[in-house]
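Reading through the structure tokens given below for one structure.
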Amino acid sequence: GCGNTDNGSAATGTNAATESAAASESAASGSVFKIGGIGPTTGGAAVYGLAVQHGAEIAIEEINAAGGINGYQVEFKFQDDEADAEKSVNAYNALKDWGAQIIDGSTTSGACIAVTDKTKEDNMFQITPSGSAVECVQYDNNFRVCFSNPNQGLASAQYIGENGLAEKIAVIYDSSDVYSSGIYEKFVKEAENQPFEVVAAEAFTADNKTDFSVQLQKAKDAGADMVFLPIYYQESALILTQAAAMGYAPKWFSCDGMDGILGGVDNFDVSLTEGVMLLTPFAADATDDLTQSFVTKYKEKYGDTPNQFAADSYDAIYVIKAAIEKSGVTPDMSVSDICDGMKAAMTEITVDGLTGNGMTWTADGEANKAPKAVVIENGAYKAM
Amino acid sequence: MKKLSNKKINKTFRDNLITYGMVIAAYVIMQILVSAGSVSSLIQGLLVPLCTYAILAVSLNLTVGILGELSLGHAGFMCIGAFTSAFFSKVMENSAMPSGLRFFFAIMIGAFFAGVFGLLIGIPVLRLKGDYLAIVTLAFGEIIKNLVNIMFVGRDENGFHISFTNTMDLNMSEDGDVIIKGAQGITGTPHDSSFTIGIVLLLITLFIVLNLIHSRDGRAIMAIRDNTIAAESVGIHITKYKLMAFSISAALAGVAGVLYAHNLSTLTALPKNFGYNMSIMILVFVVLGGIGNIRGSIIASVILTLLPELLRGLNDYRMLIYSIVLIVMMLFNWAPKCIEWREKVAARFKKSVKKEAE
Amino acid sequence: MALLEAKNLGISFGGLRAVDDFNIKIEKGSLYGLIGPNGAGKTTVFNLLTGVYKPTEGIITLDGKDVTGKKTIEINQAGIARTFQNIRLFKDLSVIDNVKVGLHNHMSYSTVTGILRLPKYYKVEKQMTEEAMELLKVFGLEEEAETLADNLPYGKQRKLEIARALATKPKLLLLDEPAAGMNPNETLELMETIRFVREHFDMTILLIEHDMKLVGGICEELTVLNFGRVLCQGKTSDVLNNPEVIKAYLGE
Amino acid sequence: MAMLEVNDIKVYYGMIQAIKGVSFHVDEGEVIALIGANGAGKTTILHTVSGLLTPKEGTITFEGQDLVKIPGHKIVSMGMAHVPEGRRVFAQLSVLQNLMMGAYTRKDKEEIAQTLETVFDRFPRLKERQNQMAGTLSGGEQQMLAMGRALMSHPKIILMDEPSMGLSPIFVNEIFDIIQEVSKSGTTVLLVEQNAKKALSIADRAYVLETGKIVLEGKASDLLNNDSIKKAYLGE
Amino acid sequence: MSFISYLINGISLGSVYALIALGYTMVYGIAKMLNFAHGDVIMVGAFITYTMCSTMGLSPVIGVLAAVIACTLLGMAIEKVAYKPLRKASSPLAVLITAIGVSYLLQNVALLIFGANAKAFTSVVSVPAVKLADGQINITGETIVTIVTCLIIMAGLMLFINKTKAGQAMLAVSEDKGAAQLMGINVDGTIALTFAIGSGLAAVAGVLLCSAYPSLTPYTGSMPGIKAFVAAVFGGIGSIPGALIGGILLGIIEIFGKAYISSQMADAIVFAVLIVVLLVKPAGLFGKNIQEKV
Ligand SMILES: Nc1ncnc2c1ncn2[C@@H]1O[C@H](COP(=O)(O)OP(=O)(O)OP(=O)(O)O)[C@@H](O)[C@H]1O
Ligand SMILES: Nc1ncnc2c1ncn2[C@@H]1O[C@H](COP(=O)(O)OP(=O)(O)OP(=O)(O)O)[C@@H](O)[C@H]1O
Ligand SMILES: [Mg+2]
Ligand SMILES: [Mg+2]
């Protein structure tokens, strides 16, 4: 349906902040944490940026309602970067002008890498919810919530191999996308050590993602009993539809980008996803309280089912909260001091979030969390 | 007779001087403001991109305004300049070469390769006309983007390796270093671009383009634009001059690419930055600023690059407002009715100024 | 030896034989007229002579050199310049720049000189300006040197085309209906100009024209084309009194 | 009342005023000549009358109706045709298609066929070339086509802008004969010509235009004998 | 066997391109402008049908009709507000740029109304798929309907242009607006009609595009729009049969390129073929290469 995405994003964040700021005495003017978010809210990748924005907004609202972080209220502002590196730097600069002290972003890998350079210069704490390329956490002030691409490629290959899920595997990936090609590379490399064989590796590009008949036909002709889809759910939905139409029914295996397939595509026939396996840290229909309350709020507010980007971003805010609480930094400290404090705290905190229980971080920015392998049964995730 | 020709030289001279002066003044003012600390980070961050887009617009104006051919593949040349130069800089990063010299060579390399591609593409393509030429340039731009996206280049002790599938096919030794990683492009290009260098490059671009226009070759190029058959009939070598304009234009776009690549730590060939959308965006600068009007190109590129950034306060409505403003500006600048109205207003204004002076 | 000699030229468009077995011999320094009914093939002959169309048969020699089938620019460089029936100026260039384009191959400096503005640039540009102004003067266009060609009135546009053609320093000048759209007074003036050009530049001129006053007034020899073939050739007075010509072209 | 009455029109191209207050009238059945030097504004006037340009000031009435207020394309169906300067044939359409385009406002197929016959009679070359693309016709042939196309609408009044331009002498005579014939068959003619002598010899009355203004008017035969006209426009 | 299914897939994809290209070429042929917003009108048409059918549950016929009517009006409105004032501009590029502005505008309005989430479009086609060779070859109902629609539209357009007065008026307007007016042709009306038809066709194309490839976002139209532009040029822009053939060939080349050369280089292959064709036939397959008469 029509999500009311026309809700002014930053407005929502700030409104929430000011409302609860009025309630909370401790938040005198100037003593609020300012967190900036970056991601595409227009253009072809808008769906991911909007998810990151909305996920964070929910977390911010909860935190402020519960009295803030260490008693300080939090303000949040989100800036559009159109998934472009240069615009992402602009967005970062705009946030800096606004007074941002901490960055939740950027959403997409390429853009995120460009921003890491800038946050490094300013020594500003940056945690990306979804930037999965290796270089997204290249500096000591960069952290991420999601898995890295090689990590996912490796884990996928190992999981398939160890559980003997398939013998012949075809890969369909987006050769123009950092995330997808990153996972693909590692997967194929690792496949050499595994008991299965990659029989076909077919690509598509950002400009060429309506028709997948050839890729599917090739997978079929190569006799693949499993198709690995290290891609996002929007394209996956099309692939599943087209495979069904041509009567091809292999096993499907995917990564966290697939998350969202159950609710992220309006009007999509989810029966097509029956049996799809994926490694994901988040499931919108998990039954734990945290997920349920998040999903309910999200649906209420934005009319959509949250995907993994939203969950990652929600967690990112709570990670920020934990790091602040641990380090005891205050809003009146300089950006650099806040960063130093939080950096140090990052390796000491443990966070239970939507995307993992007991998440911890290494100093090089990677999250320690176990990917959960799930399979879709009766339109719902089920642990494997 | 002397007087007349002098007048003309003076007029173009003055016109060019205004253009250079405008750029230099903008530079000086910005530098003063920056050192006074009264420029926001956003604007500071935009200084190099502004130079990049201004160079692109000027260079495309050479093709569209002066040569009179519609090119929709300019981003492709920018892409070549960006990747070749970033590759060079990455390779030389740990060599003994001082960074200034390295960047100088990077610029030369970017311009050279983009220019050579311009030449190679121009030879077959410039026989086509109008929209057919446009679509073929668009096609070349897309081909370049596609190939860059699947290109892997690595280096180890055995030298360079190239593959068009994935890194494994590079067959590199353990401690080899993959420099271009397909869709992941090049990361960690040294940050050599600066506002000063950008302005210098813009001034050089202006110098080349303006001087070319007002020379014998420029006249030949414009004659071809105005009437190919007549130009041939007075002995102008059509292909030669078309190619000259096209490859100079491509080389300058390559320079813009170098500036772009050395301003960000990541370089990927996405539809957004090197696809036809970008080519079209550059064309928008050119047309909005006035076809053949070099100064207009610079102004339009600055306005249209700043606009979406300054509209950030509008949040979700940002790009919507941007598109409306674009349409309105186009109507204002180009609709004959608006032009007439503007002229009238200007005339009235002049009159009243005169009266006051009296 | 004749300056221009065309032998047995022919070309067809689809089924239409536009020019057939066309022969002409033009002596150096002469003022030669090509006339004939509408659609007889006169403009097509010009197009053959200047390489716009390639003749399917026949030979064209200029000053003893075979130029058959050569490209337009080669033919221009060999020494034939022309004007067009539908004016083709460089509309967005100034009047003087139009002429300077004509001078392109005769006064040059390299691209690098142009871009770097080396001293030679200023020297050659100055020479070009002077020479162009001289040409413009011949046609009374010096006042309009800086006007955009497009803004000139019709008659002056025709003159500018001639000036531009002359700037290429041709041996032979082809004029396609130079007086079209001019009133009788302007035509008279044009006749003077053409005569002057011939004397002053020692030029050979071949012109197409339907204005008999002009043709009769300045052409020494005529060829009449009819249905793509030569109907009659010879001294102007003879040709204009030839009954066949009168019947096919002049009317009584 | 006059069939066509032009009253003090002023026409601009952008800021440039090309017509500076021109009035004239054409009575039914007349042949009116409009003469003047290059750039005097003759073409501009014809364009304004037939609705391609709009006057800034002034009125144009045709059979009692104000043409300025009528959309340009409706003027044709009121009975006005225009042979434009520079021919403006539809280059990529065949000769026949061009002619049929002339009859665009007419409905009766039989009548159209009849008019086509008369046009072909007058211009046999067009009949020969009816399937040739108009753009490849020679200059003179295109001129014939432009004329024939205008006649196809069976107009009450026809505006002609230099119809003899580029025509061979024999055909110039013929075209003036045709104009007279057209006039005799009941069509009013407003004629712009460089060939002033010929124009005046077939016209009833004439107006002389200089830089956007009418400087002289009168019976064509009188103007033919007017010394200043002789000097300025007849080349005598 | 796989060759045949590739061929069929190519034709399926190509018929969608062809359908879009028909509208593109129509507008180009008459109004002589590249309407870069054409692809976005397609998207609007698809969203309207989506809203009517999937959200409001109305029948597909009503949904499609509503889309056609709405897009027709939209096309006319765009023409009037954004293009018409620039018709007499000194360069034809001006209106091209405005079209780009309109394209951005439509995308962003759609983004604000419908959000960025992809919508799975429910096919409006109820024709069953044809299965041949023991189900190895599968021609979907969408393909059949798209091809038939293409043929009908192509024939309809050709009849319309060559046999009706309004069609002839379009030809005249496309060559010389002034002369056309002198023939009594309503130039404004004719151009508006052209946009109306082009945009109405865009709606049909949008519905069938999304029926065949059921993923609808505010940006759905832009890539097929460009591809259709390529197809139209390929076939000879302005030529109606050219658009059809160009579209189908483009689809086949794209699929064959992916299948037999490299799926990674699919875009490059399509464009390379295009370039080669244009170098051999500079006005496209069916374009008239009109030489200017000197
Ligand atoms: N490119 C072409 N394609 C087809 N026919 C052509 C072409 N060029 C010329 N013709 C035809 O060839 C014949 C000769 O044309 P040309 O232009 O040479 O005539 P012309 O003698 O110059 O006539 P005019 O005095 O009317 O200008 C004409 O009948 C014309 O229709
Ligand atoms: N499109 C235009 N833009 C600007 N000025 C124009 C335009 N058309 C004509 N003019 C100017 O308006 C004036 C009248 O031109 P017009 O064409 O009506 O003259 P004319 O009497 O028909 O001349 P000719 O005998 O050359 O056909 C001229 O000074 C001309 O330069
Ligand atoms: Mg001729
Ligand atoms: Mg005139």
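Since this is a predicted model, take the numbers as computed values, not measurements. In what follows, chains are A, B, ... by sequence order, proteins preceding strands, each numbered from 1.
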* Quick one: pull up CG in N208(A) and CE in M265(E) and give me the separation to the nearest 0.5 Å. => 14.0 Å
* To do: Please round to the nearest 0.5 Å and tell me the distance separating atom CD of Q217(A) and atom OG of S5(E).
  => 3.5 Å
* Minimum-distance pair of heavy atoms, taken over all atoms of D221(A) and S2(E) -> OD2-CB, 3.4 Å
* By a 4.5 Å heavy-atom criterion (distance strictly below it), what part of Q264(E) contacts chain A: side chain, backbone, both, or neither? -> both
* Nearest-0.5 Å distance that lies between atom OG1 in T42(A) and atom CG in L112(E) -> 10.0 Å
* Structure fact -> In terms of heavy-atom contacts, K218(A) and Y260(E) come closest through NZ-N, 4.5 Å
* May I ask you to check whether N267(A) and T122(E) show a side-chain donor-acceptor distance below 3.5 Å? => yes
* Structure fact -> When rounded to the nearest 0.5 Å, the distance separating OG of S176(A) from CG of D267(E) is 8.0 Å
* **Atom pair CG/CG of D266(A) and L216(E) - distance to nearest 0.5 Å** => 9.5 Å
* **Non-hydrogen side-chain atoms of S215(E) and V265(A) separated by less than 4.5 Å** => no
* Structure fact -> For A120(E) and F268(A), the nearest pair of non-hydrogen atoms, with its separation, is CB-CA, 3.4 Å
* Q242(A) versus chain E, the contacting section by heavy-atom distance below 4.5 Å -> side chain
* Asked: Pick from S175(A), G44(A), A201(A), A245(A): which one has the most heavy-atom pairs with chain E under 4.5 Å?
  -> G44(A)
* Structure fact -> When rounded to the nearest 0.5 Å, the distance separating CG of D211(A) from OG of S12(E) is 7.5 Å
* Residue part contacting chain E, namely of E202(A), when any heavy atom lies under 4.5 Å -> both
* Go through N117(E), N9(E), N138(E), T51(E) and name the one with the most non-hydrogen pairs under 4.5 angstrom from chain A. => N117(E)
* Contact class of Y48(A) relative to chain E, heavy atoms under 4.5 angstrom -> neither
* Structure fact -> In terms of heavy-atom contacts, A203(A) and S263(E) come closest through N-OG, 2.7 Å
* **Y213(E) portion near chain A, given a 4.5 angstrom heavy-atom threshold** => both
